[in-house]
Amino acid sequence: QVQLVESGGGLVQPGGSLRLSCAASGSIFSIYAMGWFRQAPGKQRELVAAITSGGSTNYADSVKGQFTISRDNAENTVYLQMNSLKPEDTAVYYCNAQRGLGLTMYDYWGQGTQVTVSS
């Protein structure tokens with residue numbers, strides 16, 4: 001099992017910055033990738049950014065150059081640095097982890113953290 005706990009969300013004015021954190025615990029030795037998704041009211045959940053165990057990253061086109069995903073040296077915490085925030089970035093942000101054992105893949109989700117961009 002993998003447990004994911006997000007933090008760092010909150011209210012920020014347009015143009016501001018936030019850094020989200022996702023702390024993973026449990027069977028972290030087998031995590032293949034971690035990432036951030038977001039879901040705005042009335043919209044589908046979408047991938048924001050992801051990082052693999054090897055350090056490769058990918059981003060949604062809408063946040064390229066604006067958001068940066070990273071992880072600590074122990075690979076147990078993933079961060080999402082969000083700069084130049086816009087009202088359309090308002091959403092619940094969910095941490096995600098993929099864990100594989102043999103040919104079996106497991107998907108884990110955090111509880112979500114609210115990010116609100118408003119003046």
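Values below: every heavy atom of this structure, side chains too, minus hydrogens, waters and symmetry copies. For reference, positions follow the sequence shown, starting with 1.
Under the 4.5 Å side-chain criterion, counting only non-hydrogen atoms from C-beta, Thr68 is not in contact with Leu80. Residues Arg71 and Thr77 fail the side-chain proximity criterion, which asks for heavy atoms closer than 4.5 Å.
Shown here are the side chain to side chain donor-acceptor pair (under 3.5 Å) partners of Thr116, two or more places apart in sequence or in another chain: Gln114. Legend: residues meeting ring pair (Phe, Tyr, Trp, His ring centres under 6.0 Å) with Phe37, ordered by chain and number and at least two apart, are Trp109. Listed by chain and number, the residues in a side chain to side chain donor-acceptor pair (under 3.5 Å) with Glu6 are Gln111 (sequence neighbours excluded). Remark: Ser30 engages Arg99 in a side chain to side chain donor-acceptor pair (under 3.5 Å) (not counting sequence neighbours). Remark: Thr57 engages Ile51, Tyr59, Ile69 in a side-chain contact (heavy atoms from CB on, under 4.5 Å) (not counting sequence neighbours).
Shown here is Glu88, whose CD atom has more than 12 heavy atoms of other residues, nucleotides or ligands within 6.0 Å.
The pair Lys64-Asp61 meets the salt-bridge criterion, with a side-chain N (NZ, NE, NH1 or NH2) lying under 4.0 Å from an Asp/Glu carboxylate O.
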For this session: Check the pair Arg38 / Val63 against side-chain contact (heavy atoms from CB on, under 4.5 Å), numbers first and verdict last.
Result: CA-CA 12 Å; Arg38 67 185 180 187; Val63 304; 4.0 Å; yes

For this session: Given side-chain contact (heavy atoms from CB on, under 4.5 Å), test Phe67 with Asp89 step by step and report yes or no.
Result: CA-CA 11 Å; Phe67 293 0; Asp89 295 317; 3.9 Å; yes

Exercise. When you look at Gln1 and Tyr106, which way does the side-chain contact (heavy atoms from CB on, under 4.5 Å) test go after all the steps?
Worked result: CA-CA 9 Å; Gln1 295 183 4; Tyr106 301 90; over 6 Å; no

Exercise. Is there a side-chain contact (heavy atoms from CB on, under 4.5 Å) between Val92 and Thr113 once you walk through the steps?
Worked result: CA-CA 5 Å; Val92 177; Thr113 184; over 6 Å; no

Please tabulate, one pair per line, all N/O donor-acceptor pairs under 3.5 Å involving side-chain atoms of residues 8-25, not counting sequence neighbours.
from  : atom 1 : to    : atom 2 : distance (Å)
Ser17 : OG     : Asn83 : OD1    : 2.9
Ser25 : OG     : Gln3  : OE1    : 3.4

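Tyr79 and Ile31 are not part of a single hydrophobic cluster, where members link through side-chain heavy atoms under 4.5 Å apart. Following chains of ILVMFWY side-chain contacts shorter than 4.5 Å, one can reach Val78 starting from Ile28, so the two form part of one hydrophobic cluster.
The shortest heavy-atom contact between Cys95 and Leu4 is O-CD1, 3.7 Å. Nearest heavy atoms, Met34 versus Ala97: CG-CB, 4.0 Å. Residues Ala60 and Leu47 share a closest heavy-atom pair of CB-O, 3.3 Å.
Checking side-chain atoms of Gln39 against main-chain N and O of Ala91 turns up no donor-acceptor pair under 3.5 Å. In terms of modelled atom types and a separation under 3.5 Å, the side chain of Arg45 and the main chain of Tyr94 share no donor-acceptor contact. A side-chain donor-acceptor contact under 3.5 Å links Thr90 to the backbone of Val117.
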